[in-house]
Structures are given as C-alpha cells and as structure tokens.
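Please read these numbers as outputs of a predicted model, since none were measured by experiment.
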Amino acid sequence: MALKGTDIDLTHFPNRPQFAGFMKPCRVEGETSQLEVYGTVPSDIDGTFFRVMPDPQLPPFIENDPWFNGDGNVSAFSIQNGKVSFRQRFVRTEKFIRERDAGRALLGKYRNKFTDAVEFKVRSTANTNVVYFNGNLLALKEDSPPYAMDPNILETRGLYTFDGQLPSMTFTAHPKFDPKTGEMICFGYEAKGDGTPDVCYYTIGPDGQFKDVVWLTAPVVAMIHDFAVTENWVLFPIIPQVCDIERMKQGGEHWQWSPETPFYVGILPRRRAKSTDVKWLRYHNSFPGHVANAYEEPSGKIILDIGLSEQNVFFWWPDAQGNAPEPSSIESRLTRFTIDPTSTDLTLSNPQVLQTNNSEFYRIDDRFATQPYRHCYFDLMVPDRTDFAQVMPKLGGGYPLYNSLAHLDISTGELEVYSPGETHMVQEPVFVPRKGAATEGDGYVIALVNNYSTMLSELHLLDTRDFTKAQAVILLPLKLRPGLHGTWVDREDMQ
C-alpha cells in the first residue's frame, strides 16, 4: 500500500504564501560565535534569549499546510560581556527523526492523526514555546508532552513526562511561573486525546513534584491556547475554534471557527480545588488571544488582561461555510475583564479596552506575574510607519503583522512606541531585568526583527529608560522564519 502523499511533488515547498518570502523555511542548524553589533550591548545583560519557530525540515504533503505546522527549531542568543553568540538546532521529536530517516514528510494535517502517512506515538512538533525548568529547556506544543533539551548546546534529551508524573496526554504551551513560590502552573486540554472535552490542571513544585491535580470537563471541545494565574485562582479562556472527531476522521481540519460559540472563561481555585469548583463564564463570540497578566484586587475581584478580537484571528481555519475575515482587517486589543469569583452571574460584561490599537504578544516583567503590575510590552501595528510597497512582495503569508514594539504604562495610559524601520516587522518581545534593579519594568526589551530590505533577521535591544530608540541592533547572517514564543534565562538561574 502506498504512503499517503506519494502522488505529491515533495522535492520543493508548495507555491503558497506561507512558504514564500520571509516565510520561506529557514532549515538551518549551526552557531556563530560573535554576531555583529551596532550600538552597545550593556555589560549587565548576562544570560540567554531562547525562542522557537515552526520550521519544516522537509516539504509537507499537505499543500496548504498552515505556517505553524513546521518542526520546532530553537534559537539561543547568549549575551555576555557586551557580546552576542548564536546557536540553533531542531528539536529531535519522533516526527523529526522519522521524517529525516524517510527523507520525506510523514505528518499530515495540523493535529489530525487520521491524515498521517504513518502512525506516530507522539505527533508533537515542539514548535510553540520554550521555557526553562529544573535544568531543562522544555520545547512545548500544546497537543503533547514537552521535549527536554540541554539549554547550553540545544541537544534534545527526549520526551519529558516529569519522571512519569504527567497525568495528561497534553501540556500547555503557556505554563505560568509564580515568582514567589517557584511553582510552574500548567494544564492540558483535550487531555484524554483528540476530541475529548477533558482539561487537566496541575501545579509542579520547584522540586519537580506534581500537586493540585484537578480534572475538568470543558463546555465545548475547543482550543485553550493560553491561560491566566493569580494568587488564588486559575482562568481558562476558550477560543471558539472547535474540534469534531468525525470531521477529522473524514480528513477535515482539527479546528473550525464556530460563530455560534461564546468566548468562555473557566474559573477554578488555584489550590485544593475539586472538579465541581469550576465555573464557566460567558462573553459573546470573540477570539481571546494571549494573556498579559492577571491578579486580584483587595476586594477579591480578579483582573484579567488579555488580547481580544471580534474576528477569527486564525483565519486559515474558517467556519463551516468557509467564511473567514480578510487578514488585513483583523485587529486585537489589550482588554481588561473584572471578574467577581463569588458571583452567581455567569455572564462577562463591560470589559475595558486598555489599548485601542492593533496589538498582540503581550509580555511583562515576569517578577510581577500573578500580582498587580504596571508595565506591559507588546507588538503593535502603526500602519503609517511601514513602506508596504517595498514590504508586501517579500512578506509571505500566514503570520500576524506588527511593525513596532510598544510599552504601555497601565497606571497612566501612556504609550511609548519603537518602530525599527519602514521595511521592518517585529516578533514577540521579552523583558530582561536590569541587574540589581528591583523596580518593575527597569531593564531591557529584546525582540527579533524581520528586515525585508536585506531579507535577514536582526535582534533589537531597547533600554526601558529610553524605549523609543534602540540601544543595540545585532545582525544575523541569516533569515529566521517568524516564530511564536520565547523566554529569557539569566545565566545565574541556568547555572
């Protein structure tokens, strides 16, 4: 019996926007000991910026494969004594190894095992986020357990189940870290397999031991990409991209936008909870994006700051009639929900828009996670700062576009904007605390930048004391495909 996809030309990538221009797969592994630096890299920055991108090592046999179905390729920018070195390696997932051995793609549609050319034990691409925990760099994809890597040389150590403690078949791409306790707070959705409504919540102590394991049943089988954690609560925002196992068996997509489904938020006590303690609140149909932060007011009310769009941000998964918004029309705004966890009213209402311009990929000073905070950093689109006539032919498709980095002072509403250039687009920022500084937001912001003039990548470093201009621009000798998420790890913490 012939393998699926053998009638497809697998010698090159499909002629699709998600494989063209800056979205052309990188597929590079290697290292550069000292990158070019324009400006000055402060000597007190000492650690590594890790990030991961979906980067298919081989052409897919699904012609219109979405851009983030590629293999996880992890980049590490090590900064010390004002110098920056670069290392990059693929995560050796089961998929990656078997496809490299076969010399062709074997994985089918995004999260649809019924379309694969072979049967996999674990389908992970490990391409969505990387976090550091207990000596391991964990490469994450929310449909599977993590893969552990050596943080120094990026060698894959293997599938990571926390010494067999992982209760769920899935593990979030957005674990949260409590800066006070050192705990990693996690969950998995579709936790008993594809198409299941089960959500498994758990906390992992700094010693690696699991506790507070709670199994929940979601009101709909749908995507829960990010979540929020406060001192005493966890919140699960459900995106109305729904799964139907029968549709998958017929070769359809895992996800389909459901305009009839509300935006749900599940609320659960963070500690010593039971499955019956969860409450599912509702807001009208909309798309919840990434969480900036969440915390509790003295009154006990919960503040949830999250990106929110009125449209289907994942436009490549339309509704049942094939309807999807025009990508250039999609906008997301940083939005605040104030929630009374004691109320019997299950309706969310009257959210406050904190920032009206199109934005996403919100990051904070992680030392203030789960607590009241003031400073938020994110990607922003300011249309008049880009020469689209130059950029559009080289852009490629499938990736949300932002041309600026922003800093919002939530207390005052003041917005600072850094735009790297009229032929540049930005990726997710990360915050780096200034050495010895305890004040929130005192430090640096680092982000990868796509230069569509040179068709190469750059690392831009900003000082938060002078946010609107670059402290340093670090040039890379190659193009890094747009990625998803990353993290900063101080050298002392990694040692």
Side-chain angles (χ1 to χ4, degrees), residues 22-57 70-92 96 126-132 136-139 147 149-157 361 363 405 420-421 424-432 444-462 470-495:
F22 218 90
M23 293 299 293
K24 189 77 174 176
C26 170
R27 304 198 299 161
V28 169
E29 294 188 296
E31 56 185 273
T32 301
S33 62
Q34 194 166 311
L35 298 174
E36 290 184 83
V37 175
Y38 286 81
T40 303
V41 176
S43 59
D44 67 331
I45 300 179
D46 189 11
T48 303
F49 167 43
F50 296 100
R51 51 85 71 172
V52 64
M53 60 183 169
D55 190 25
Q57 65 163 329
D71 299 284
N73 203 355
V74 177
S75 311
F77 297 87
S78 180
I79 305 177
Q80 189 174 37
N81 299 325
K83 296 180 173 58
V84 185
S85 63
F86 168 78
R87 183 187 302 269
Q88 184 163 281
R89 291 198 73 183
F90 279 106
V91 188
R92 263 55 182 182
F96 182 92
N127 69 6
T128 309
N129 200 0
V130 281
V131 299
Y132 180 78
N136 287 297
L137 186 68
L138 302 181
Y147 271 85
M149 303 181 79
D150 183 316
N152 295 300
I153 60 174
L154 299 186
E155 180 180 81
T156 302
R157 290 170 170 166
F361 294 101
R363 300 298 296 262
L405 298 172
H424 298 67
M425 294 288 173
V426 301
Q427 299 190 34
E428 181 193 54
V430 296
F431 175 79
V432 180
Y444 309 95
V445 169
I446 298 175
L448 267 173
V449 172
N450 312 340
N451 186 331
Y452 294 90
S453 176
T454 63
M455 292 299 283
L456 296 171
S457 294
E458 304 170 356
L459 196 66
H460 287 217
L461 189 153
L462 314 181
Q471 169 84 22
V473 174
I474 299 103
L475 303 185
L476 276 72
L478 77 168
K479 169 183 65 65
L480 297 184
R481 200 176 197 228
L484 289 162
H485 301 291
T487 189
W488 171 261
V489 183
D490 191 85
R491 194 173 305 275
E492 289 183 2
D493 294 337
M494 200 153 68
Q495 291 173 347

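Here the rule is side-chain hydrogen bond (donor to acceptor under 3.5 Å, both in side chains) with Arg51, and of Gln88, Gln427, His485 only Gln427 fits it. Just one of Leu137, Val489, Leu154, Leu484 meets the side chain to side chain contact (heavy atoms under 4.5 Å, CB included) condition when paired with Val130; it is Leu137.
Side chain of Asp490 to main chain of Glu492: a donor-acceptor pair is present (N/O by atom type, distance under 3.5 Å, no hydrogens or angles). The closest donor-acceptor contact from the side chain of Ser457 to the backbone of Lys479 lies at 3.5 Å or more, if one exists at all. The main-chain N or O of Thr40 is found under 3.5 Å from a side-chain atom of Gln471 such that the two form a donor-acceptor pair. Within the 3.5 Å criterion, the main-chain N or O of Val28 finds a donor-acceptor partner in the side chain of Asn73.
One distance of note links CE of Met455 with NZ of Lys24; it measures 11.0 Å at 0.5 Å rounding. Atoms CH2 and OH, on Trp488 and Tyr444 in that order, are 10.5 Å from each other to the nearest 0.5 Å. We find the CD1-CG distance between Ile79 and Asp46 to be 9.5 Å, quoted to the nearest 0.5 Å. Here CZ of Arg481 is found 11.5 Å from CG of Asn450. Values are rounded to the nearest 0.5 Å. Taking CG of Leu35 as the start and OG1 of Thr32 as the end, the distance is 5.5 Å to the nearest 0.5 Å.
We find that Glu428 and Arg363 are joined by a salt bridge, their nearest charged nitrogen and carboxylate oxygen being less than 4.0 Å apart. For Glu155 and Arg87, the salt-bridge test fails: no basic side-chain N is under 4.0 Å from an acidic carboxylate O. A salt bridge is defined here as a Lys NZ or Arg NE, NH1 or NH2 lying under 4.0 Å from an Asp or Glu carboxylate O, and Asp55 with Arg27 fails to meet this definition.
In this structure, Asn451 and Leu456 have side chains that are not in contact, with every pair of non-hydrogen atoms separated by 4.5 Å or more. Considering only heavy atoms from C-beta on, Ser75 comes within 4.5 Å of Leu480 through its side chain. The side-chain heavy atoms of Met53 and Asn127, taken from C-beta on, include no pair separated by under 4.5 Å. Within the 4.5 Å cutoff, no side-chain heavy atoms of Val449 are placed close to those of Leu459. Side-chain contact between His424 and Glu458 is present, with at least one heavy-atom pair separated by less than 4.5 Å. Within the 4.5 Å cutoff, the side chain of Ile446 has heavy atoms near those of the Val432 side chain. Side-chain contact between Leu448 and Pro482: absent, with no pair of heavy atoms (C-beta onward) separated by less than 4.5 Å. Two residues are said to be in side-chain contact when any heavy atoms from C-beta on lie closer than 4.5 Å; Arg157 and Asp150 meet this criterion.
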- Item | Chi angles and distances behind the side chain to side chain donor-acceptor pair (under 3.5 Å) call for Asn136, Tyr147 | CA-CA 9 Å; Asn136 287 297; Tyr147 271 85; over 6 Å; no
- Query: Can Asp71 and Gln57 be said to form a side chain to side chain donor-acceptor pair (under 3.5 Å), step by step?
  - Reply: CA-CA 7 Å; Asp71 299 284; Gln57 65 163 329; 4.5 Å; no
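Not counting sequence neighbours, the partners of Ser78 by the side chain to side chain contact (heavy atoms under 4.5 Å, CB included) test are Thr48, Ser85, Arg491.
Counting only residues at least two apart or in different chains, ring pair (Phe, Tyr, Trp, His ring centres under 6.0 Å) contacts with residues 28-51 comprise Phe49-Phe77.
When all heavy atoms of Gly486 and Asn129 are compared, the closest pair comes out as N-OD1, 3.6 Å.
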